Undergrad: 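Pasting a structure here, questions to come.
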Amino acid sequence: MKIIDIDLSKCVGCNSCVRVCPAPGANVAGYDKNGNMVIDIDGDRCIKCGACIKACSHGARTFRDDTDRFIKDIKSGKEIVVIAAPAVKIAFDGNWRHVLQWLRNNGVKEIFDVSLGADICTWGHIKYLEENNGTKIISQPCAAIVNYVLQHKPELIKNLSPIHSPMLCLAIYIKKYLGRNCRIAALSPCIAKKEEFEETGYIEYNVTFKHLKDYFDENNVTLPKIKVFSEFEFDVEPGFVGAIYPKPGGLKENILLHAPNTHVVNSEGVSKVYREIDNYAEESLFNLPDVFDVLNCEFGCNDGPAIGQEYRSFKMEAIMRGVQEYTTNKRNASIIIDENGNKTEDAQFRMFDEKLNLDDFKRHYTSKCKNVVNVSQSQIDEAFKVLGKTTPMEKTFDCHACGFKSCNEMAHAIALGINIPDNCYQYIMEKMKRETARIEQINSSVIGITEELKKVVNVLNESVDNTQKDSERIGQLGEKGMEDMIVVSEYMKELINLGDEIYTNIDGISKNAKNYKKITDGVEEIAQNINLLSFNASIEAARAGESGKGFAVIANSIRELSENSRKSVQNANTNNKNINESIIYINEIINNFNEKIKNLIGVVDSTVVHVKDTSESSKLISESMTNVQGLSDKVNKLIEKTKDILQSS
């Protein structure tokens, strides 16, 4: 049954719960989804003693009861009676009557004092011992103790007192002897009572003092001050000395009060009582007491896990002393004294003898022990090996940090699979030493890599700077090359114009050359005519007789020839002048062209140099980028190396 809840988000794995838990295997160490160590609960092994709730300073553990359902049901009009444990006087110090009156005012039909049930319980124990002479029993008013026996010590079931707890005795009395056919709610300081009630079926609600107080606080229920009078009284005569059951040894005092020759030994407290129960199972019958009066809580039910306030020993003892004096006086007043002055019995027990059937108040137990897994010594040795404990000293380190009493118990828990090596202080310390050494080695490697990275980064920065400078130089050279190309374009335009002029003048020379051909042709014709005239003159001269007429013709021809020669010479001179002028102009053009060509060559050479510089800068940038790529690859390798180191860790 799940009664204790765990908020794993608040659990820090401090092992306080393991340390105080008396139930083997009830706490299971493991990891949550975030890898944090937490302590969970095995509900089948937990005895609901509440020790872990008290020990948990982180608020990770809480418990369930029936308070909310109870309040809802009484307000809805359901017929419910309440039985109040005697510890109510401690839980609501001085104000307990007002609490019970509030319940009555809010719908509770009747309220009974569990002290009466405690008196019935005492009567039942004495009657059972009388009817079973020589029997040895363990008291069972404590539900956590009963759970421990049923779940972890089934061999002691035969020794568990068959008499119901005071609350169950009263519930049976109410239903069977008072004839109340209604639901019963128990005001209790105990968490484990919920399980007892559900297994026996007589009580429907376990209303703990703590959760009732929480309800009052959350709903602003204001009760009268402590010293204000309350008209509250229980509906049936309260019990007598049973009111001291909540104190350590309460059952013992009650039994001895009625049967002083009974051998009763009491034991209380998680740190002690369960160890003694274990010893009880191994002890010889001769050494066992008639009654072993045991309680889970060190200071009895007054210090129950659901009491709802911090235990203050002197104040509580003072309250219980007052209760004991009052109830003892009441009991003494009821004692019957015969005619000889001898005390016989008190009226209460005489009434029990007359009205009650002992069998009605007996409980039958069924073992709830899970199959016990036996762990071999070899498994324990293997667990020690996992823990790194090899020497006798290491195996008996017994620091108790894991929550167990010894390293052997821890190894046993690991072998069972309910604990983990990381829960061992010594294991963690050794692991931390190894981890520290490994981290130091990793740090050394990383420092070396970091130094190498620094060098690489410096070279990389230098390469980037050079690349930036080369890029700037390329930009400047590109601009200069653009300017030079503009100049080249202008020169090319001028050259085209000069070429056009040269072409025009060459065309003029060509035409003049044609004129020269005409002149030459004229001169040649004149020469031919002169030759012919000379030939004719020679002939005429030979004839001698006709000189007058012939020479006249010759003279005329010579004149025409002379005129033609003159004109030809004039034409030749004119053409010669034109040709000379054209040649001179062409020479000027050629000189100018040559000058332009020289300038163009200079610009082209400059452009070539710039382009060459640009090309060289491009090569430098390419080389720089290659270097950068190489450095980048080197950085990547260093990063991968670092990653490998960290992953291998």
Side-chain angles (χ1 to χ4, degrees), residues 6 8-19 25 27-40 56-58 60 375-461 629-649:
I6 301 178
L8 293 180
S9 66
K10 294 181 179 180
C11 179
V12 299
C14 65
N15 293 318
S16 293
C17 51
V18 180
R19 191 170 297 111
N27 290 280
V28 181
Y31 299 101
D32 64 10
K33 61 183 180 181
N34 297 319
N36 300 315
M37 192 177 75
V38 294
I39 312 297
D40 208 342
C56 182
S57 59
H58 307 285
V375 176
S376 66
Q377 186 58 46
S378 61
Q379 289 175 302
I380 293 176
D381 292 340
E382 183 62 29
F384 273 128
K385 188 182 296 184
V386 171
L387 289 169
K389 295 175 180 285
T390 57
T391 66
M393 184 177 70
E394 290 173 337
K395 292 180 180 180
T396 56
F397 192 68
D398 299 345
C399 67
H400 314 301
C402 60
F404 294 97
K405 297 180 179 66
S406 67
C407 293
N408 191 71
E409 285 189 15
M410 174 63 167
H412 188 274
I414 290 175
L416 282 174
I418 62 173
N419 220 303
I420 52 178
D422 282 348
N423 208 12
C424 173
Y425 170 79
Q426 194 178 20
Y427 173 84
I428 288 296
M429 291 302 294
E430 291 300 321
K431 185 177 180 180
M432 288 176 61
K433 288 179 183 178
R434 293 192 300 270
E435 188 70 11
T436 300
R438 188 181 62 81
I439 290 173
E440 288 177 354
Q441 184 178 2
I442 291 174
N443 285 342
S444 178
S445 300
V446 171
I447 288 171
I449 292 173
T450 303
E451 292 300 323
E452 194 170 349
L453 276 173
K454 285 181 181 178
K455 295 178 182 178
V456 170
V457 169
N458 289 335
V459 175
L460 184 62
N461 288 334
Q629 182 62 45
L631 292 171
S632 178
D633 293 341
K634 191 170 183 180
V635 169
N636 285 333
K637 289 178 181 178
L638 291 172
I639 291 172
E640 289 298 323
K641 184 177 178 182
T642 305
K643 188 190 296 182
D644 291 340
I645 291 174
L646 294 175
Q647 287 178 346
S648 64
S649 65

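Just so it is clear, the structure is predicted and the values come from calculations on it, not from any experiment.
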Undergrad: Working to the nearest 0.5 Å, report the span between CD1 of I428 and CE of M432.
TA: 8.0 Å
Undergrad: Kindly determine whether I6 and D40 satisfy side-chain contact (heavy atoms from CB on, under 4.5 Å), including the steps that lead there.
TA: CA-CA 7 Å; I6 301 178; D40 208 342; 3.5 Å; yes
Undergrad: Determine the minimum heavy-atom distance between S376 and S378, stating which atoms define it.
TA: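 Answer, listing the atom of S376 first, then S378: OG-OG, 2.9 Å.
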Undergrad: A side-chain contact here means heavy atoms from C-beta on lying under 4.5 Å apart; do F384 and I414 qualify?
TA: no
Undergrad: What is the minimum heavy-atom distance between A413 and F404, and which atoms define it?
TA: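 What the structure gives for the nearest pair is CB-CZ, 3.6 Å.
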Undergrad: Look only at the side chain of H58 and the backbone of C11, and say whether a donor-acceptor pair between them is shorter than 3.5 Å.
TA: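 No; zero donor-acceptor contacts below 3.5 Å.
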Undergrad: Would you mind writing out the side-chain donor-acceptor pairs for residues 415-425 within the sub-3.5 Å range, not counting sequence neighbours?
TA:
unit_1	atom_1	unit_2	atom_2	d
N419	OD1	N423	ND2	2.9
D422	OD1	K431	NZ	3.3
D422	OD2	Y31	OH	2.4
N423	OD1	N15	ND2	2.5
N423	ND2	N15	OD1	2.9

Undergrad: Measure from the side-chain N and O atoms of D32 to the backbone N and O of N34, and report whether any donor-acceptor pair falls under 3.5 Å.
TA: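 Yes: the side chain of D32 pairs with the backbone of N34.
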Undergrad: Quick one: closest heavy-atom pair of C407 and D398, and the distance?
TA: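 Answer, listing the atom of C407 first, then D398: N-OD1, 2.8 Å.
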Undergrad: Between the side chains of E394 and T390, does any donor sit under 3.5 Å from an acceptor?
TA: yes
Undergrad: How close do V38 and L8 get, heavy atom to heavy atom, and via which atoms?
TA: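 Minimum heavy-atom separation between V38 and L8: CG1-O, 3.9 Å.
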Undergrad: Within this structure, what is the NE2-CD distance for the pair H400 and E409, rounded to the nearest 0.5 Å?
TA: 9.5 Å
Undergrad: To the nearest 0.5 Å, how far apart are CG in L387 and NZ in K385?
TA: 12.5 Å
Undergrad: Counting only N and O atoms by type, is there a donor-acceptor contact under 3.5 Å from the side chain of T396 to the main-chain atoms of P392?
TA: yes
Undergrad: Could you tell me whether the side chain of R19 and the main chain of C402 form a donor-acceptor pair under 3.5 Å?
TA: no
Undergrad: Any idea which heavy atoms bring A383 and A411 closest together, and the distance?
TA: CB-O, 3.3 Å
Undergrad: Could you report the tightest heavy-atom contact between C17 and I39, atom names first, then the distance?
TA: SG-CG2, 3.6 Å
